[in-house]
Amino acid sequence: MNYIRLQIKALWLKVSIWVGSLSILTILIAFMIGELYSNPFERMNMRMAMDSPAMVAMAGPIPPGDFTEAALFMVVTVLFLGLAYGLFNILIANQVVKHEENEGLTELLIASGIGRKALFVNHVMVGILINIPFFIITILGLTLVNVNGSEFIDHVVFISAITLFGLLFYALTMAIGAFVTTSDMTFGIALSVLIGMYLYRAITDVVDISYSVVSPYHWLSRLDAYGGNNIEWLIPFSILIIFFAIAYFVTLKRDVGDGIIHPKVTHRSRNISSYPKLLFTQSRMLIIAWFVALIVTGLSYGSVLEDIEEIMANNFIMNAAVQAGQIDNPVLFFISMISIITAIISMFPGLMIMGKLLKEERLRLEWMSAGVDIKRINPTRIIITHIIFAIVASIAAHALYAISLYSMTLLVEDFPTEPIDYVYALISEGSVIVLMIGLVTLFYGISYKMFKLIWPVIAFLFIISYVGTILQFPDWLLNVSPFHHLGHIFVDGPMWNVIVILYATALILMIIGVMLYRRRDIQNG
Amino acid sequence: MPILEIKEVTKNYGDFTAVEDVSMAIEPGEVYGFIGPNGAGKSTTIRMIIGAIGITKGQIFVDDMDVSKDKKYLSKISYVPGDVSLWPNLTGMEVINFLMAARGYKDTKRRDELIETFRLDPHKKSKTYSKGNRQKVALISAFCSDAELYIFDEPTSGLDPLMEHTFHEEVKRLKQEGKSVLLSSHILSEVEKLADRISIIKDGKIVESGRFSELSHITRMKYIIESNEDISPIKQLDYVHNVEEEGKQLHLLVDNESIPDFLNELKTYKITHLETEPAKLEDIFLRFYEASR
């Protein structure tokens with residue numbers, strides 16, 4: 001019991017931030033949908049907009065029954081909430097189970113008399129305990145908001161599914177951690193499954209939904225909370241018991257700090273003679289994984305282009321917008337929107353490469369930069385190397401998305417885009433990517449701890465871009481997003497003046513960030 | 001000219017003073033011991049020397065270069081921290097080669113010699129290394145350099161006694177080559193064995209500095225005495241400390257300046273056994289720290 005108290009003490013802040021953010025966001029979206037979509041006509045329009053292959057790929061299928069405000073709320077939130085909540089559970093499970101084992105804490109606990117079985121039970125209990133606050137807070141919040149078309153039991157069903165989804169990934173992470181030796185590898189594999197299942201569902205939901213049944217995201221959609229309440233779709237989540245069982249038997253079978261899957265013991269030495277080569281070696285897998293993810297994203301969106309033209313032509317909103325002279329071409333408008341979302345996704349490899357600076361600074365920078373030829377290695381060169389790598393990785397990831405999407409457009413007859421449009425899109429959205437890398441450089445330059453501020457900024461950017469229009473955010477809020485000033489690139493073409501300002505701002509932020517970083521103390525340990 | 005000169009250096013973190021008016025100088029070819037418990041300010045001082053943190057007040061010179069103004073001095077030092085973190089996906093050899101390249105050091109024969117001497121398997125991934133093996137990688141990398149000043153912060157904390165000995169031999173070799181060493185360590189016997197001079201730091205201030213022999217005024221001599229007579233009155237003498245009885249023997253410490261008085265006192269008894277042990281650095285260290293308990 002003392003160990004559980006210790007864990008709660010260690011985790012409460014992180015859990016509070018995650019649970020607080022996700023609960024508030026969920027409740028806020030329910031509230032805003034209740035405010036904005038009370039009119040059935042508006043909801044009908046929204047349904048038509050969301051019933052397109054691209055939107056289905058992104059947010060999942062539309063439930064068959066009445067499209068009430070509650071049903072709209074469910075469709076808008078369910079998959080992304082699942083994704084974010086799954087990530088939360090993976091992070092906590094990896095920290096509690098694998099990171100602590102790698103750091104030697106598990107060994108210490110066992111030596112102090114806590115049995116391995118008891119430790120396992122404690123880890124499972126931590127998993128259950130961290131999910132209880134979200135379950136209670138969100139159900140209470142949604143009950144208070146009382147969005148039309150919802151009953152208390154609907155909230156319970158919906159949030160139960162999200163909580164079970166999170167717990168499923170907690171159990172999966174424990175099972176993966178039982179097999180592999182390091183926490184980095186555990187996190188990498190668990191995250192790949194989380195994202196991979198989302199992308200798999202995106203494709204199969206459009207191509208043939210029956211294949212989606214393998215993906216836990218599909219179970220969330222098929223549950224049809226606020227509609228049919230098909231609670232039988234909660235049953236597949238019982239697979240988490242199997243993951244816990246696997247974790248239990250494998251963990252008990254193997255040595256502490258070990259794994260079943262062992263890395264090769266001896267290796268041929270590579271010639272790593274400079275910091276850029278070192279950083280490349282350290283970031284290679286991360287970069288490749290994101291490149292693959294962006295290519296798959298491009299191909300999956302591209303795979304629905306053949307139908308999208310027809311569907312868009314029949315779409316009420318798009319037609320109304322065309323008639324009002326707001327949009328000349330709904331397909332191009334839609335490609336522009338998707339392009340913004342993938343630009344945000346493309347920021348991740350860059351920001352994660354910048355994030356490697358944190359570990360480097362805390363663990364090695366001091367040691368590495370003392371006693372070296374400062375022309376070869378110094379803190380300034382190191383941060384600049386990270387900035388360059390981050391920009392190249394993110395822009396390349398976005399370019400690969402554009403190339404894969406464009407290659408799919410070639411299969412569609414008379415698709416209204418040219419290669420140069422994708423180049424302009426890359427230059428235009430690249431300015432925001434570079435701006436975010438500039439912003440994180442500034443944060444990091446000010447303080448080691450401020451680095452993390454970039455994640456709320458990205459989340460904010462994503463929310464504005466993804467649901468800003470649907471939820472009719474006020475103009476001043478939309479104006480905060482740089483994407484808003486760049487317009488819809490495939491429709492409006494490049495806004496060169498804005499693009500230049502954004503690149504220039506990014507450069508200034510980077511210069512200030514590097515200068516501040518040079519002046520501050522190195523964080524150590 | 002000293003290779004390292006620290007002049008009245010102070011480091012503040014807000015209202016907290018981590019290091020206050022610390023001064024020391026290390027001459028070429030000298031091994032300098034820097035001792036003190038955790039949190040006394042040793043690592044903060046070292047971090048100021050290697051430029052990881054700024055200096056609030058005072059100056060540090062390495063080979064006559066002001067460390068706050070010119071970072072070129074970094075190529076003249078080599079540093080090993082107490083707890084080494086390596087890149088987990090790199091082999092020991094890759095880490096050593098990378099740091100050699102970063103230093104512009106090309107003597108692979110010396111590298112292989114050190115790998116052999118420290119008995120390191122350099123082809124394993126760093127994530128599989130124990131603390132001791134990580135320490136070996138850092139030490140080999142540090143010795144593979146043309147530095148003038150070597151800074152070791154608790155360098156042998158993860159090493160077995162055999163490897164500790166190897167490390168001592170390498171430090172002696174550096175000394176013979178005219179290189180300087182700043183050795184921060186908890187292992188007082190190690191400092192005693194290797195250091196020409198020492199500084200003791202307490203609560204961020206240097207409380208004692210000098211050659212070991214010069215510090216004898218603050219040390220105590222250990223005596224083991226035995227007699228068939230009642231020698232218990234000795235225990236009451238002002239300059240006698242830490243008395244322990246083991247059978248008929250008394251083990252005690254005597255203030256150095258009171259040794260003549262103590263010997264005169266002993267004359268009054270019929271002593272059957274008398275043993276003395278010279279002052280140890282540990283005694284000096286404990287004397288300072290016991291005073292504050």
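Residue numbering restarts at 1 for every chain, and letters A, B, ... go by the order of the sequence lines.
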Toward chain A, the part of Ile151(B) with a non-hydrogen atom under 4.5 Å: neither
Under 4.5 Å from a heavy atom of chain B, the part of Glu366(A) involved: both
Chain A contact via Ala147(B) - which portion, at a heavy-atom distance below 4.5 Å: neither
Parallel, tilted or perpendicular, as decided by the 30° and 60° cut-offs, for the rings of Trp455(A) and Phe348(A): parallel
Any donor-acceptor N or O pair under 3.5 Å, side chains Tyr275(A), His386(A): yes
Electrostatic pair Glu360(A)-Arg364(A), nearest N-O below 4.0 angstrom: yes
Of His123(A), Glu100(A), Gln95(A), the residue whose pairing with Gln7(A) passes side-chain hydrogen bond (donor to acceptor under 3.5 Å, both in side chains): Glu100(A)
Under 4.5 Å from any heavy atom of chain A - which part of Leu149(B): neither
Between Glu190(B) and Ser185(B): side-chain donor-acceptor atoms closer than 3.5 Å: yes
Proximity breakdown for Thr281(A) and chain B, heavy-atom pairs closer than 4.5 Å: side chain
Chain B contact via Ile272(A) - which portion, at a heavy-atom distance below 4.5 Å: both
Between Arg111(B) and Asn97(B): side-chain donor-acceptor atoms closer than 3.5 Å: yes
Max heavy-atom pair count under 4.5 Å with chain A, selected residue of Leu90(B), Val84(B), Asn89(B): Leu90(B)
Chain A contact via Lys11(B) - which portion, at a heavy-atom distance below 4.5 Å: side chain
Toward chain A, the part of Ala142(B) with a non-hydrogen atom under 4.5 Å: neither
N/O donor-acceptor pair under 3.5 Å between Ser394(A) side chain and Ser346(A) backbone: yes
